[in-house]
Each structure stands twice: as C-alpha cells, then as structure tokens.
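The block underneath contains the structure these notes are about, expressed in structure tokens.
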Amino acid sequence: MAQSLIDLLRETHPDAIVSTPGHRGDEVVVVRREQLVDVCRFLKEDPRTDLKLLAQIAGVDLLTYATEATGGGALASIEVPAYDLERKRPVEPRYQVAYNLGSVVKKHRLRLRLELRSDDMKIPTVTGIWRTADWWERYIYDMFGVEFVGHPNLTRIMMYPEFQGFPLRKDYPVRKRQPLVPELDFPDLVRGPGPGPGGAGVPMSQTHVGRANVDPDAYD
Amino acid sequence: MTEYAAQDHDPLALESELPSSPMTVNLGPSHPAMHGTVRLVLTLDGETIVEAVPEIGFLHRGFSKSSENSTWTQVLPYTDRLNYVSPYLNNVAYVMGVEKLIGLKVPERAEYIRVLTGEISRITDHLTCIGAIGLELGAFTVFLYAIEARELLWDRIAELSGARVTVSWMRVGGCANDIPPGWVEKLVECLPRVLELTDEIDVLLTRNRIFVDRTRGIGVIGGDEAIDWGFTGPCLRACGVNYDVRKAHPYSVYDRIDFEVPLGSNGDTYDRYVLRLEEIRQSHRIIQQCLEQMPPGPIIVDDWRYALPPKKDVFSSIEGVMAHFKLIMEGIQVPPGEIYAYCEGANGELGFHIVSNGKGKPYAIQVRAPGFPILSGLPRLIKGHMVADIIPIFDSINMIGGEVEQ
C-alpha cells in the first residue's frame with residue numbers, strides 16, 4: 001500500500017525524490033527541499049494519498065553517526081567525545097528532518113525526509129499545510145537550530161529565550177552549564193487603579209516591588 | 001494602559017469605570033488547575049477569551065538528550081516519567097520501537113501481558129482525567145470515586161512491578177518478570193469494583209444538569225480541523241473520526257481481541273468525557289479477553305543478545321556471565337536504522353522516532369507525545385469562551401506535563 005504512495009509520488013513529482021530508503025516496513029522518501037511544500041500539499045490534499053495527519057517532525061544530527069556498523073570504517077569505532085570537534089570529521093549533509101505522516105482514512109504511513117547541510121539550515125515552513133506543524137517546527141528550531149522560513153512565530157518552545165546553543169545537536173555536551181540569566185525588569189507591567197506602592201499608572205519597575213529600585217546592598 | 005494615568009492618586013479611582021481595553025492574565029504555570037506546569041497567557045475582553053498562548057517547557061528535563069546518553073534499557077525509566085499516569089503504555093511504545101529496529105518477535109504471553117497492563121494503564125489514565133474534571137467542576141465525590149478505582153488498579157500494578165507509577169517493567173523482547181501467583185485472582189476481584197465506581201461516576205455526572213451545562217457545546221472542534229491540529233485519541237474520536245491505532249494498525253495481539261471504538265459526534269468537552277467513560281468499559285472487555293486467552297510460556301525472548309540470561313545461567317556458566325556483562329555494560333547492540341513506532345496511548349497516538357547507529361545507546365530518540373499537538377490546539381478550543389470554561393476544556397484534553405514538556 002505504501003509502495004504505491006511512493007510510485008504515485010514518482011509519477012507526480014519525479015524531480016522531488018532523491019531516494020527511498022525504507023527500513024523495517026517504514027516507507028521513507030527523501031525529498032528535495034525546494035519541492036517540500038509542493039509535495040506536502042499534494043500528499044495532504046490528493047484523495048489517493050490523504051496524508052492529513054502530521055504525526056511528528058523529528059530531527060537527527062549525524063555528526064557522530066558513523067560507526068563500523070553504519071559503514072563509517074574502522075576509525076569510526078574509536079570513541080571520540082561528541083564535542084571534540086577537531087578530531088571529528090565533518091559530516092555533510094549533517095542534519096536530517098523527518099516528517100512522519102499518516103492517513104486516518106486510508107490507514108497508511110509515509111515519512112518524508114530532508115537532508116540539510118550545516119551551512120544552510122533553512123527549510124520552508126509547512127505551517128500553511130498542517131497547523132500542527134507550528135509547534136513541531138518550533139521544537140526542531142529549539143533543539144537543532146533549523147530555521148523554518150515563513151514560520152509565523154519561530155521562537156524557542158522548551159528552552160527559555162536566553163538559552164545558548166541547541167541542545168540536541170551532538171556537539172552540545174550533556175553536562176554543559178548555561179550562564180545565569182540576569183533578573184528581568186518588568187517595565188510593561190503597570191499598576192492598576194487603587195492605592196498601593198507608587199500609585200496608579202506607575203510602572204512596577206519604579207515601585208519598591210520592582211527590581212530597579214532595590215538597593216543591592218540592602219540584602220547584605 | 002493610559003487610562004490609568006489620568007486617575008493618578010485619585011481617591012475615587014476604585015469607583016471609576018472599568019477599563020475597556022483587553023486585559024492580560026497569566027494562568028499558571030503554578031496553578032492547581034494547570035496539571036503539570038503549563039502557563040497560559042490569556043488576553044481577555046471582560047470574561048471572554050480573545051487570545052490564548054500556551055507556554056510550555058517549565059518541566060523540560062531533556063528526555064531526548066538523556067536517552068541518547070543511556071543504554072537502550074536505561075531509557076525505560078525515562079519513558080515512565082513521560083506519562084506517569086499510564087507508564088506501561090509508554091514502556092510498551094518504546095520497547096516496540098526498539099524491537100522493530102531489531103526485528104525481534106516477542107513471545108505470545110509477553111504480548112498478552114503488554115496488552116493487559118496497557119489497558120489497566122488506560123483505565124487509570126482515563127480515571128485520572130474524569131476525576132480531575134469532576135473535581136474542578138465542584139464534584140468532589142466523583143474525584144474520590146475515581147481515585148478509589150485508580151488506587152485499586154495501581155495496587156495491582158504495584159504488586160506486578162513493585163512501583164505504583166514509575167514501573168519500568170517492560171524489557172526489550174518481553175517483560176521483566178512473570179505475573180506472580182494469585183495476582184490474576186486479585187485483579188479479577190477488583191475489576192468489578194472499578195466498573196461499579198465507573199458506573200457511579202456515570203450516574204453522578206453524565207445526566208447531571210450542572211455538569212452538562214458546563215461541558216456541552218464547550219470547546220467544540222470539528223473532525224477535519226482536529227486532524228489538522230494533530231489531535232489523536234479520545235480528543236479526535238470525540239469529533240466522530242474513527243481513528244484508533246489499535247484498530248487502524250493492529251499491533252501486539254489487538255487483532256485477536258474483540259472490542260469497540262466508541263465515537264463521539266460533537267467534539268465538545270462533554271463528548272470527550274463520555275468517550276473516556278466508555279473506553280474504560282471497553283478496556284475492561286479487553287482485559288477479560290486477555291485473561292481468557294493468555295497462554296502459558298516464556299515472557300521474554302530466549303536470545304542473550306537482547307534479553308538478560310536467567311540468573312541460574314549467570315551464576316553457573318561463563319556464557320551467562322559474559323552475556324550479562326555485555327548487556328549491562330555495553331547495552332543491547334541494536335542494528336542501525338531509523339524507524340517510527342507508534343501505539344495507542346491513553347490520550348492518542350504515542351510514537352517514538354528512533355535512530356540507531358549500531359551501538360549500545362540510541363543515537364537519536366524523539367517522542368511524539370499525544371498531548372503535544374493537542375495542547376498546541378488548546379487556544380483554538382478555548383477562544384471565545386469564558387475564563388471559567390478553560391478549566392473543563394483543559395481537563396478534558398488531559399494534557400500530561402511530563403510527556404508534553406519531555
């Protein structure tokens with residue numbers, strides 16, 4: 001069933017398909033980035049494919065993928081810490097982004113995969129096709145730093161805005177510490193009507209509640 | 001905001017007219033009704049919700065990163081903590097993924113045990129959800145009934161695995177140990193009580209005027225739109241879309257078991273509640289059939305590359321010691337590949353996208369938590385409703401902080 005999906009895609013979008021590396025019954029199509037939106041729209045809207053459910057977008061960083069088992073040669077089996085970049089051979093294309101699609105009516109599955117070079121990590125967004133792509137793309141951006149061009153609100157989703165680096169990249173050490181975030185002032189908060197510190201209309205940062213007016217020595 | 005400035009130091013400010021500009025309210029992250037730690041930034045016009053932005057990540061523990069640095073077996077405790085009200089289902093989804101990568105066939109008895117424990121977990125998950133809806137709409141009795149039923153089942157789970165919540169009981173290739181003697185009798189004894197309590201909840205809530213008024217027609221979403229938002233599980237079936245992974249892609253032994261998939265029609269909070277109630281009864285049917293059909297036999301594969309050898313062999317043979325040592329120190333050697341494995345979790349499709357590079361640790365693993373897309377669609381559900389409607393809607397989608405925020 002899924003094979004016919006790939007055949008269909010070969011007919012309609014012959015230029016878009018790079019390869020079809022299926023594994024263990026999962027059907028996978030590697031597509032070209034330029035045609036991703038076209039292919040996605042076709043897969044969702046054509047009644048023969050009907051892949052209306054975008055189950056997940058997942059990312060993979062291939063930096064340390066090479067082992068003897070994956071054809072990386074004998075050298076690859078020597079354990080080199082992931083963050084020791086000098087001793088690591090660069091892998092290109094380094095990133096993969098996988099779109100796990102499904103159909104609730106036809107009950108078939110397909111995975112689209114994109115391959116990305118680390119110097120050009122841009123993907124056109126599919127938020128216009130599946131609304132659920134919004135959060136998944138934010139998640140991939142948050143974890144891998146892939147930029148989704150045209151995304152309405154591409155901000156971090158799990159991490160906080162001041163977080164440095166992208167945690168699921170293989171060169172991000174597990175035990176890496178993050179710098180402390182200075183306490184934020186909250187100038188946009190304005191006191192409502194009524195008695196209280198500073199009186200009505202005064203920004204909270206100018207009252208004794210706000211941080212700016214606090215004498216740092218007062219805590220000694 | 002500027003209206004306030006005009007009333008600066010006005011002693012009559014308290015009696016002045018209420019501002020007509022939209023107000024921003026933070027609901028959560030630490031709020032008793034925000035299960036887990038989710039923050040909702042609401043923009044209100046009076047009491048009507050104009051805009052809602054859910055913010056997650058307060059509970060993020062780096063599931064993927066931790067898993068990539070643990071052996072395949074060590075990931076199991078992390079999966080428990082994704083959804084701590086139905087941990088068996090998470091265990092099963094993960095080990096199914098690893099087994100798919102290896103191409104491993106699990107003994108029949110283990111498959112039945114997985115279905116059995118998975119359905120118990122589904123019941124506990126639904127009971128938690130229903131109890132919370134009742135509690136937060138003022139029906140405290142419902143909550144107590146639900147918790148009594150849930151505790152009965154969690155006691156059985158504890159007798160099985162030694163832990164009430166974080167069970168870590170599944171293994172790649174089967175499960176950790178066999179069902180202890182006398183356990184099935186205990187389960188059979190407590191199941192009627194669970195059903196009885198479910199019926200009590202049914203009687204208390206389903207035709208309760210207050211409850212129906214608070215939930216019917218609230219948080220409505222259509223089937224096509226729900227799929228577009230990535231909804232699965234009870235939230236999708238409440239819209240009338242017949243999609244259950246157990247029926248659509250039968251895994252384990254679900255193809256041998258006779259059960260029905262209840263469907264809703266309106267896609268509102270009430271339907272989501274009734275659907276969960278009905279699913280509890282269906283899960284009970286599945287459990288009974290499992291108990292009838294379960295064959296005797298091994299509960300884990302007899303392949304020392306993937307499953308720990310029996311202790312007798314570890315202590316008396318060099319092969320046993322070596323297999324044990326290699327499995328513990330190096331982990332299971334999973335052939336390279338990339339798969340997406342999924343099963344029907346209590347709240348929808350629970351999937352794991354796993355990549356292996358042939359080593360003892362997962363190369364990359366990312367979870368498709370059913371609550372993640374559902375929470376992203378929450379603004380769509382609550383927009384236009386009143387502040388008080390957030391709570392039942394939020395309860396009915398049964399978002400679990402652990403899995404959404406990983």
Side-chain angles (χ1 to χ4, degrees), chain A residues 21 23-26 28 44 52-62 64-72 96 98 100 102 104-105 107 109 111 113 129-136 138-139 142-143 156-160 167-168 170 172 174 188 190-195 199-202, chain B residues 1-2 4-11 13-14 16 19 55-57 60 62 64-66 68-69 100-101 103 224-225 227-232 236 241-243 248-249 333 335-340 342 349 351 353 355-359 363-364 366-368 372-373 375-377 380 405-406:
Chain A
H23 184 67
R24 298 269 183 223
D26 282 10
V28 185
K44 187 193 173 189
K52 288 202 163 56
L53 178 72
L54 171 64
Q56 183 195 26
I57 302 180
V60 185
D61 175 4
L62 293 177
T64 58
Y65 186 71
T67 60
E68 267 179 326
T70 55
Q96 290 182 349
N100 287 310
V104 298
V105 180
K107 307 193 184 351
R109 291 266 162 178
R111 176 153 71 242
R113 191 201 284 165
I129 301 169
W130 295 282
R131 263 183 272 196
T132 178
D134 184 343
W135 274 27
W136 287 115
R138 279 176 70 190
Y139 175 75
D142 192 359
M143 294 294 156
R156 286 190 179 274
I157 187 164
M158 297 290 184
M159 299 301 171
Y160 46 95
L168 281 191
K170 288 286 175 180
Y172 187 96
V174 197
D188 57 330
V190 177
R191 275 192 44 77
V202 176
Chain B
M1 297 295 156
T2 44
Y4 298 126
Q7 309 156 350
D8 208 3
H9 299 296
D10 182 358
L14 283 175
S16 60
E55 205 174 275
I56 60 168
H60 183 66
S64 300
K65 195 74 176 175
S66 312
E68 283 167 19
N69 291 284
K100 188 173 173 185
L101 263 174
D224 287 342
E225 210 182 340
I227 298 173
D228 201 23
W229 278 109
F231 283 27
T232 44
L236 181 62
V241 180
N242 190 351
Y243 179 69
H249 309 274
Q333 303 295 305
E338 178 193 34
I339 54 105
Y340 174 67
Y342 47 98
E349 180 181 316
H353 183 271
V355 182
S356 166
N357 66 345
K359 291 268 179 168
Y363 183 74
Q366 273 150 52
V367 58
R368 190 244 185 238
F372 186 76
L375 186 66
S376 78
R380 160 66 187 76
E405 314 189 3
Q406 304 181 12

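Numbered from 1 within each chain, the chains take letters A, B, ... in sequence-line order. Note that the coordinates shown come from a computational prediction; the quantities given were computed from them, not determined experimentally. Worth knowing before you read on, the calculation uses all heavy atoms, side chains too, and leaves out hydrogens, waters and symmetry mates.
Between Leu53(A) and Gly230(B) the shortest heavy-atom distance is CD1-CA, 3.9 Å. Contact detail for Glu338(B) and Ala98(A): the closest heavy-atom pair is OE2-CB, 4.1 Å. Of all the heavy atoms in Val60(A) and Tyr363(B), the pair that sits closest is CG1-CE2, 3.9 Å. Here the closest heavy-atom approach between residue Tyr340(B) and residue Asp26(A) is recorded as N-OD2, 2.8 Å.
Side-chain contact check for Pro373(B) versus Trp136(A): some heavy-atom pair is nearer than 4.5 Å. At a threshold of 4.5 Å between non-hydrogen side-chain atoms, the residues Leu375(B) and Trp135(A) count as touching. In this structure, Ile227(B) and Trp130(A) have side chains that are not in contact, with every pair of non-hydrogen atoms separated by 4.5 Å or more.
Ranked by heavy-atom pairs under 4.5 Å with chain B, the first of Gln96(A), Met143(A), Lys52(A) is Lys52(A). For the options Asp228(B), Val355(B), Asn69(B), Leu101(B), heavy-atom pairs under 4.5 Å to chain A are most numerous at Asp228(B). When each of Leu236(B), Thr232(B), Val367(B) is checked for heavy-atom pairs under 4.5 Å with chain A, Val367(B) comes out on top. Annotation: maximal heavy-atom pairing with chain A below 4.5 Å, among Ser64(B), Ala364(B), Gly62(B), occurs at Ser64(B). For chain B, the option among Asp134(A), Asp61(A), Val28(A), Ile57(A) with the highest count of heavy-atom pairs below 4.5 Å is Asp61(A).
Looking at His353(B), both its backbone and its side chain come within 4.5 Å of chain A, counting heavy atoms on both sides. Contact of Asn242(B) with chain A is made through the backbone alone, with heavy-atom distances under 4.5 Å. Neither the backbone nor the side chain of Glu55(B) comes within contact range of chain A; no heavy atom of the residue lies under 4.5 Å from a heavy atom of that chain.
Residues that satisfy the side-chain hydrogen bond (donor to acceptor under 3.5 Å, both in side chains) test with Glu225(B), not counting sequence neighbours, are Arg380(B). Applying the side chain to side chain contact (heavy atoms under 4.5 Å, CB included) criterion to Asp142(A), with sequence neighbours excluded, gives Arg156(A), Ile157(A), Met158(A), Met159(A).
In this structure, Tyr139(A) and Phe372(B) have perpendicular ring planes: the angle between them is above 60°, well past the 30° mark.
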Worksheet item: Arg109(A) and Glu349(B): salt bridge (Lys or Arg N to Asp or Glu O under 4.0 Å), yes or no, with the steps?
Response: CA-CA 13 Å; Arg109(A) 291 266 162 178; Glu349(B) 180 181 316; 2.6 Å; yes
Item to complete: Take Val174(A) and Glu68(B) through the side chain to side chain contact (heavy atoms under 4.5 Å, CB included) test and state the conclusion after the steps.
Response: CA-CA 9 Å; Val174(A) 197; Glu68(B) 283 167 19; over 6 Å; no
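Judged by distance alone, the side chain of Arg368(B) and the main-chain N or O of Ala55(A) form a donor-acceptor pair under 3.5 Å. For the pair Lys65(B) (side chain) and Pro167(A) (backbone), a donor-acceptor distance under 3.5 Å is present. Remark: the backbone N or O of Tyr243(B) is not paired with any side-chain donor or acceptor of Lys107(A) at under 3.5 angstrom. In this structure, the side chain of Gln366(B) engages the main chain of Gly59(A) through a donor-acceptor pair within 3.5 Å.
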